[in-house]
Protein chains: 2
Amino acid sequence: MFNQFRNKFPLTDEKWMEYTNCFKRLEIPAKTILLEEGEVSKRLFIIEKGIIRVWFNNNGKDLTTQFFFENQSVASIESFMKKLPSPVVIETIEPSVVWWISKNDLDKILEEIKEIPELRDRFINMLFERTFDYMKHFVSFIKDFPTQRYLNLIEERPQITQRVPQHYIASYLGISTVHLSRIKSKLLQKK
Amino acid sequence: MFNQFRNKFPLTDEKWMEYTNCFKRLEIPAKTILLEEGEVSKRLFIIEKGIIRVWFNNNGKDLTTQFFFENQSVASIESFMKKLPSPVVIETIEPSVVWWISKNDLDKILEEIKEIPELRDRFINMLFERTFDYMKHFVSFIKDFPTQRYLNLIEERPQITQRVPQHYIASYLGISTVHLSRIKSKLLQKK
DNA sequence: GACAAACGATAACATTTGTTATCAAATATT
DNA sequence: AATATTTGATAACAAATGTTATCGTTTGTC
């Protein structure tokens, strides 16, 4: 799982082993909840196989805020970093294989690699990229009609439209399942 | 302008002077454009007095994405950091007084203070807080109806509802000016 | 003070989207 | 294979929101 990233980290083999050994493997079925709403997030997950969605309950309805696929890392970030109760649920969509690391272990590693400017910069960059992603998604909500947002999704995140059940996509787009179904049938008519 | 922050920065008086001298003062009328769409952002602004909005043109209509008030810093961040053409316009709403620093000067300062862990951590924290803010705003768009979003705004960002013209607020909420007007009159009826 | 521009409220109507219910197809479970 | 569950499509109706137009008020400019 981690060997594919080995050459990206300027670490000794010893440190590399020490760090990667902090991760534990987990095989879990579909619809497994990895973090409950209200729980303090103490684990960061990396997906080897499967799909994870992050959602919260809004007046009895699921609202999906993010999807994650293979090789992405997942956590309720604000809860994880500040030890606050998580507002969101983390749950698998498909049967999945994930690796997790405890906050304690990760903190130790981050503290150690702080002295390596290269890794530090990459970490900061990662945060910025995440910010930019949110901005784009947010802008699309005020800018585009649902139909356009759906077309954007097909274009920019084909994994979502191909692998994720449609009612999760609807809540991700901020519309009802019925309306997404209508959008799809209208798009088919035009073709 | 900067003396109020003096005690927050563990710097020598010499360094402090050197850094603050990089900023230039600017007095400008309302509706002054500080950054054009498509231009590469080379300045970071700090507001001494006034209001700035960030917006972009969408099919001939203004869409406001952010408001900034006194003591906040403003830039088209992705453009500023990566030297890309800015997708947004930065413009004053009121007659304003702003200070600006060039990207060159700021880069030099950031490079120097990198060695001060305290400042470095605060910088990283700032990035995270910005990310969390975007998340909240974004979640509110899929979670709440416009009426609730407007109530949230009154509650959480009273400066906006009190000082910003209503048609800018409408585009910020992602609704038409007419609809915001309706929302306001309905809220008044209920009282 | 006169005029123009900006701002905001409101009405009438069109369009978009949500809600509820029903049915069909796909998938999982036994 | 039989059954239950999940998923998705569709129709009918209700509610939310946009569009266009008009009017009055405020604000800025000369």
Side-chain angles (χ1 to χ4, degrees), chain A residues 28-33 50-51 53 55 58-64 67 91-96 140-151 153-154 160-191, chain B residues 28-33 50-51 53 55 58-64 67 91-96 140-151 153-154 160-191:
Chain A
I28 44 184
K31 300 201 180 187
T32 303
I33 291 182
I51 311 180
R53 74 183 183 109
W55 60 275
N58 184 46
N59 300 327
K61 285 173 191 160
D62 280 22
L63 269 181
T64 303
F67 295 109
E91 183 179 342
T92 55
I93 290 181
E94 298 178 348
S96 304
S140 153
F141 254 88
I142 35 179
K143 182 177 174 179
D144 299 324
F145 280 18
T147 303
Q148 188 56 49
R149 288 209 297 282
Y150 181 65
L151 288 172
L153 211 58
I154 294 173
I160 292 181
T161 50
Q162 285 161 18
R163 297 178 61 190
V164 172
Q166 194 163 312
H167 56 292
Y168 295 145
I169 298 178
S171 87
Y172 181 72
L173 293 174
I175 59 179
S176 68
T177 56
V178 175
H179 191 53
L180 178 53
S181 204
R182 276 194 291 238
I183 286 171
K184 285 183 71 174
S185 75
K186 276 202 179 174
L187 288 173
L188 282 175
Q189 280 174 29
K190 285 186 186 169
K191 276 182 186 172
Chain B
I28 44 184
K31 301 202 177 184
T32 304
I33 291 182
I51 311 180
R53 74 184 183 108
W55 61 274
N58 184 47
N59 300 327
K61 284 175 194 160
D62 279 22
L63 269 180
T64 303
F67 295 109
E91 183 180 343
T92 55
I93 290 181
E94 298 178 349
S96 304
S140 154
F141 253 87
I142 35 179
K143 182 178 175 178
D144 298 323
F145 281 18
T147 302
Q148 187 58 50
R149 288 208 298 281
Y150 181 64
L151 289 172
L153 212 58
I154 294 174
I160 292 181
T161 50
Q162 284 161 18
R163 297 179 59 189
V164 172
Q166 194 163 312
H167 57 291
Y168 296 145
I169 297 178
S171 86
Y172 181 73
L173 292 173
I175 60 179
S176 68
T177 55
V178 176
H179 192 52
L180 178 53
S181 202
R182 276 194 291 240
I183 286 172
K184 285 182 71 174
S185 75
K186 276 201 180 174
L187 288 174
L188 281 175
Q189 280 173 28
K190 284 185 185 168
K191 278 182 185 172

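Just so it is clear: chains get the letters A, B, ... in the order the sequence lines come, proteins before strands, and each one is counted from 1. Computation of the quantities below employed the complete heavy-atom set of this structure, encompassing side-chain atoms and omitting hydrogens, waters and symmetry-equivalent molecules. If you're wondering where the values come from, they're calculated on a predicted model, not measured in any experiment.
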Which nucleotide of DNA chain D is the first, and which the last, in the 5' to 3' direction, to come under 4.0 Å of a heavy atom belonging to chain A?
D:dT7 to D:dA12

Would you state whether a donor and an acceptor, one from the side chain of B:Arg182 and one from the base of C:dG8, lie under 3.5 Å apart?
no

Is it the case that the side chain of [X] and the backbone of [Y] share a donor-acceptor pair, with hydrogens and angles ignored and the cut-off at 3.5 Å?
X        : Y        : value
B:Thr161 : B:Ile154 : no
B:Thr64  : B:Arg53  : no
A:Ser96  : A:Glu94  : yes

Correct closest heavy-atom pair for B:Thr92 and B:Pro29 would be OG1-O, 3.0 Å

[N] phosphate, OP1 or OP2, under 4.0 Å from [X] side-chain N/O:
X        : N      : result
B:His167 : C:dG8  : yes
A:Lys61  : C:dT19 : yes
B:Lys184 : C:dA9  : yes
B:Thr177 : C:dA9  : no

Tell me: [atom1] of [X] to [atom2] of [N], nearest whole Å?
X        : N      : atom1 : atom2 : result
B:Asp144 : C:dG18 : CG    : P     : 14 Å
A:Gln166 : C:dA25 : CD    : C1'   : 13 Å
B:Lys31  : C:dA5  : NZ    : P     : 12 Å
B:Lys186 : C:dT10 : NZ    : P     : 13 Å
B:Leu173 : C:dG8  : CG    : P     : 13 Å
A:Ile183 : C:dT17 : CD1   : P     : 6 Å

Residue mapping more 5' on DNA chain D - nearest nucleotide basis, A:Tyr168 or A:Phe145
A:Tyr168

Could you list the donor-acceptor pairs under 3.5 angstrom formed by side chains in residues 173-181 of chain A, with sequence neighbours left out?
from: A:Ser176; atom 1: OG; to: A:His179; atom 2: N; distance (Å): 3.1

Estimated bend of the helix from C:dG1-D:dC30 to C:dT30-D:dA1 (axis per five terminal pairs, rounded to 10 degrees):
50°

Residue among B:Tyr172, B:Tyr168, B:Trp55 satisfying ring pair (Phe, Tyr, Trp, His ring centres under 6.0 Å) with B:Phe67:
B:Tyr172

